[in-house]
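Input: a single structure, listed below in structure tokens.
Just so it is clear: chains get the letters A, B, ... in the order the sequence lines come, proteins before strands, and each one is counted from 1.
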Amino acid sequence: MRFYITTPIYYPNSEPHIGTAYTTIACDVISRFYKQKNYDVFFLTGTDENSNKIIESANKVNKKPIEYVNEMAELFKNIWKNLDIEYTKFIRTTEDYHIKTAQFVFQKLYEQGYIYKGLYEGWYCIHCETFWTTSKVDDSKLCPNIECRRPLNYIKEENYFFKLSAFEDKLLKYYEDNPDFVYPDYRFNEVVSFVKSGLQDLSVSRKYNNWGIRVPFDQDYSIYVWIDALTNYISALGYPFELDLFDKYWEVSHHMVGKDIIRFHAVIWPAILMALNIKLPKKIIAHGWLMYDNQKISKSKGGDIFNLKEIALSNDKIKISALRYYLLREGSFGQDIPVSLERFKYIYTSELSNNIGNLFSRVLAIIEKKLNKYVFKESDFSYIQNSFINERLSNFDKELSNFNYSKAVLEILNLADYLNKIIENYKVWEIKDKNLNQIMYELVYSLVVLNKMLYPFMPFIANNILEQLNLPLESLKWDYTIPDSFNIKERKILFPKIENVLA
RNA sequence: GGCGGCAUAGCUCAGUGGUUAGAGCAAGGGAAUCAUAAUCCCUGGGUCCGAGGUUCAAAUCCUCGUGCCGCCA
């Protein structure tokens with residue numbers, strides 16, 4: 001069984017922020033989850049380095065573009081590493097193999113008649129490298145991108161166009177035949193109605209400006225982001241020159257994207273693939289935005305509160321684990337997620353510290369103090385209902401398989417609640433005879449299951465628990481057989497109470 | 001403007017024809033002392049947006065209205 005998951009490739013013209021991390025963590029959780037189930041997982045992330053904005057960003061810091069992107073790519077890798085992101089490959093679109101693939105793709109589309117030279121006339125933002133329709137441009141004639149707002153130019157320019165319009169019917173047929181192609185379904189509906197409203201051909205080149213990938217048969221032009229960036233998903237697998245990985249993983253491909261780039265992934269990318277005669281990705285998963293103070297989180301809005309670079313480079317693994325948990329625990333995946341420091345503190349204290357952390361603490365303390373750190377299975381389960389635990393686990397599996405992160409987390413909390421109630425109901429601290437061993441064994445057994453569910457969200461914490469329970473890494477696998485006895489090691493507080501979780 | 005969605009407890013939401021509408025959190029009361037004062041139990045609380053309709057029966061289906069949200073390169 002195999003699984004291929006990708007993040008979008010990120011623009012390195014600014015440092016990664018909490019929103020970027022959200023996407024990447026979401027992929028990491030899924031990736032780790034499938035690894036636990038013994039899937040052969042390929043997890044791809046990387047940087048999209050060929051935009052002309054890079055030149056500008058590099059100039060600002062007095063660097064050559066290539067030096068600049070080299071440094072930024074290292075920063076991205078470093079931050080992901082610190083956030084416990086375990087990717088398989090980090091792709092950079094300035095790397096040779098990617099350039100070759102992008103050019104190959106462009107050439108092939110051209111040869112097959114899907115790319116033609118045409119004239120574009122209309123409003124253009126040089127900075128954003130974006131053509132704007134008249135409906136979006138107001139009287140000010142400023143760039144509609146609120147983060148840009150530079151003056152637009154009215155241009156007439158020859159460019160290469162991709163015959164997107166030729167794929168309207170094929171796409172609609174594909175959507176109809178693959179009702180799970182885009183998640184969530186309401187986003188899928190939007191995609192379908194967009195395509196139904198009619199597709200226009202797409203400008204896929206820009207005037208070459210000493211940066212970017214040249215159109216192979218016309219040195220005056222560079223390949224624009226669609227064909228350049230989107231092909232990273234297959235160039236990373238070696239397409240079309242080394243097909244081993246491609247043959248292995250492409251048919252199980254999942255693209256995680258923000259809701260703002262669904263169309264590129266659910267319309268343009270499939271059309272390109274159809275033109276190349278390549279199978280379409282299995283699923284496009286679109287998440288919502290993190291919202292701070294009712295606005296999309298960004299460097300200026302909320303980015304200072306949730307300062308990713310600072311958090312990541314602090315190497316405070318508990319804080320980082322809690323952040324991973326918090327971001328995916330909130331809201332309903334796909335919808336916008338409101339985040340705030342207050343809420344993060346609340347989740348940390350209530351769910352991680354008081355509920356989960358304290359549960360481990362009270363169980364292990366009893367075993368340490370009253371059972372000399374040792375418990376063993378003496379009889380069949382008589383305190384804890386195995387069916388209840390199995391149901392949590394299978395619900396967790398079902399929800400996470402469907403990208404319902406927060407619902408999966410609720411199963412974790414549900415199990416923790418249940419175990420807290422068991423301790424309470426049987427007044428475990430009063431039991432003096434051999435029944436104590438049995439109930440404690442059942443509790444530790446349950447904690448091992450709980451830890452399996454914690455792992456994809458908080459791998460550092462899960463490993464910490466493994467040490468305390470004296471268990472091997474394999475105990476995180478779904479097919480692990482839980483042992484009949486446990487020798488507990490030293491007990492450690494998982495989530496210390498802290499006044500300022502982020503400070 | 002076109003298309004689509006949503007409106008249920010103070011908050012976030014579950015509930016698509018069948019007892020007295022549910023959960024978590026918040027609020028109020030209590031118990032316990034193994035544990036990071038962490039936990040557990042109980043209680044209060046709803047014109048299911050409004051109006052009309054279909055039905056033996058509507059939060060649930062239909063129509064209209066109101067409000068909010070998403071998509072329309």
Side-chain angles (χ1 to χ4, degrees), chain A residues 120 122-124 128 130-137 144-145 161-162 164-165 168 182 184-204 224-226 259-268 271 286 288-289 291 294 318 329-332 334-338 340 342-343 346-371 404 406-407 409-414 416-432 436 439-440 443 447 491-499:
Chain A
Y120 176 83
W123 293 102
Y124 184 68
C128 299
T130 301
F131 293 109
W132 295 101
T133 56
T134 40
S135 62
K136 286 261 178 154
V137 178
N145 176 1
F161 284 80
F162 173 63
L164 185 60
S165 59
E168 214 172 292
V182 178
D185 55 350
Y186 51 87
R187 295 291 174 206
F188 197 15
N189 292 339
E190 290 172 4
V191 167
V192 172
S193 59
F194 173 77
V195 174
K196 275 186 181 161
S197 75
L199 294 176
Q200 295 169 23
D201 291 349
L202 194 71
S203 162
V204 289
Y224 187 51
V225 63
W226 316 129
K259 64 178 185 178
D260 47 331
I261 53 171
I262 295 173
R263 192 193 307 142
F264 311 138
H265 287 80
V267 181
I268 297 172
W289 292 335
M291 304 296 281
N294 283 319
I318 291 172
R329 178 259 179 276
E330 284 292 62
S332 172
Q335 315 265 17
D336 290 348
I337 310 290
S340 70
E342 292 69 34
R343 180 70 181 164
Y346 172 79
I347 295 289
Y348 181 88
T349 305
S350 163
E351 296 185 356
L352 294 179
S353 236
N354 293 354
N355 203 315
I356 295 170
N358 183 56
L359 171 65
F360 276 90
S361 195
R362 67 199 302 206
V363 169
L364 296 188
I366 292 173
I367 297 174
E368 185 180 298
K369 290 173 187 169
K370 301 193 177 175
L371 294 168
N404 291 324
S406 56
K407 284 190 178 167
V409 170
L410 288 181
E411 296 299 331
I412 297 177
L413 293 171
N414 198 341
D417 277 347
Y418 174 75
L419 298 176
N420 271 320
K421 284 188 218 297
I422 292 281
I423 295 172
E424 211 68 41
N425 290 345
Y426 288 102
K427 296 193 194 314
V428 166
W429 54 91
E430 287 180 5
I431 302 177
K432 297 252 174 353
L436 182 62
I439 191 169
M440 294 319 291
L443 283 166
L447 291 181
R491 180 168 64 107
K492 273 187 280 181
I493 299 293
L494 293 177
F495 301 101
K497 286 279 177 60
I498 31 184
E499 195 51 40

*Assign each of Asn355(A) and Arg329(A) to its nearest nucleotide of RNA chain B by heavy atoms, then name whichever residue's nucleotide is nearer the 5' end.*
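With Asn355(A) and Arg329(A) compared, the 5'-side residue is Arg329(A).
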
Spacing of [atom1] belonging to [X] relative to [atom2] belonging to [Y], to within rounding of 0.5 Å:
| X | Y | atom1 | atom2 | answer |
| --- | --- | --- | --- | --- |
| Asp336(A) | Glu330(A) | CG | CD | 13.0 Å |
| Ile262(A) | Ile268(A) | CD1 | CD1 | 12.5 Å |
| Asn414(A) | Lys407(A) | CG | NZ | 13.5 Å |
| Ile493(A) | Leu364(A) | CD1 | CG | 10.0 Å |
| Leu199(A) | Phe162(A) | CG | CZ | 10.0 Å |
| Phe161(A) | Gln200(A) | CZ | CD | 10.0 Å |

Give me the distance, rounded to whole Å, that separates [N] from [M] when you measure between the [atom1] atoms they each carry.
| N | M | atom1 | answer |
| --- | --- | --- | --- |
| C13(B) | C56(B) | P | 37 Å |
| A23(B) | A9(B) | P | 14 Å |
| A57(B) | U19(B) | C1' | 12 Å |
| A58(B) | G2(B) | C1' | 31 Å |
| A14(B) | A51(B) | P | 24 Å |
| U55(B) | C61(B) | C1' | 10 Å |
| C48(B) | A21(B) | P | 10 Å |
| U47(B) | C42(B) | C1' | 28 Å |

_Does Asp260(A) form a side chain to side chain contact (heavy atoms under 4.5 Å, CB included) with Trp289(A)? I'd like the steps, not just the answer._
CA-CA 9 Å; Asp260(A) 47 331; Trp289(A) 292 335; 3.5 Å; yes

*Does Ser340(A) reach the main-chain N or O of Arg343(A) with its side chain, forming a donor-acceptor pair under 3.5 Å?*
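A pair under 3.5 Å: yes.
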
*Please confirm whether the backbone N or O of Trp429(A) pairs with a side-chain atom of Lys370(A), one donor and one acceptor, at under 3.5 Å?*
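Indeed, once roles are kept as given, a pair shorter than 3.5 Å links the two residues.
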
Under a 3.5 Å limit for both distances, which nucleotide forms a Watson-Crick or G-U wobble pair with [N], could you say?
| N | value |
| --- | --- |
| G52(B) | C62(B) |
| G46(B) | none |
| U33(B) | none |
| G24(B) | C11(B) |
| U16(B) | none |
| C3(B) | G70(B) |

Whole-Å gap separating [atom2] ([N]) and [atom1] ([X]):
| X | N | atom1 | atom2 | answer |
| --- | --- | --- | --- | --- |
| Leu410(A) | G24(B) | CG | P | 11 Å |
| Asn425(A) | C41(B) | CG | P | 7 Å |
| Asn404(A) | C13(B) | CG | C1' | 14 Å |
| Asp417(A) | C40(B) | CG | C1' | 10 Å |
| Glu330(A) | U12(B) | CD | C1' | 9 Å |
| Tyr346(A) | G24(B) | OH | C1' | 9 Å |
| Ile347(A) | C11(B) | CD1 | C1' | 13 Å |

*asked:* Generate the contact string for nucleotides 67-73 of chain B. Rules: B means base contact, S means sugar-phosphate contact only, - means no protein heavy atom under 4.0 Å.
replied: ---SSSB

*asked:* Generate the contact string for nucleotides 28-37 of chain B. Rules: B means base contact, S means sugar-phosphate contact only, - means no protein heavy atom under 4.0 Å.
replied: ----SSBBB-

*SB check Arg362(A) Glu424(A) (cutoff 4.0 Å)*: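 A salt bridge links Arg362(A) with Glu424(A).
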
*Verify ring pair (Phe, Tyr, Trp, His ring centres under 6.0 Å) between Phe131(A) and Trp123(A), making sure each step is shown before the conclusion.*
CA-CA 6 Å; Phe131(A) 293 109; Trp123(A) 293 102; over 10 Å; no

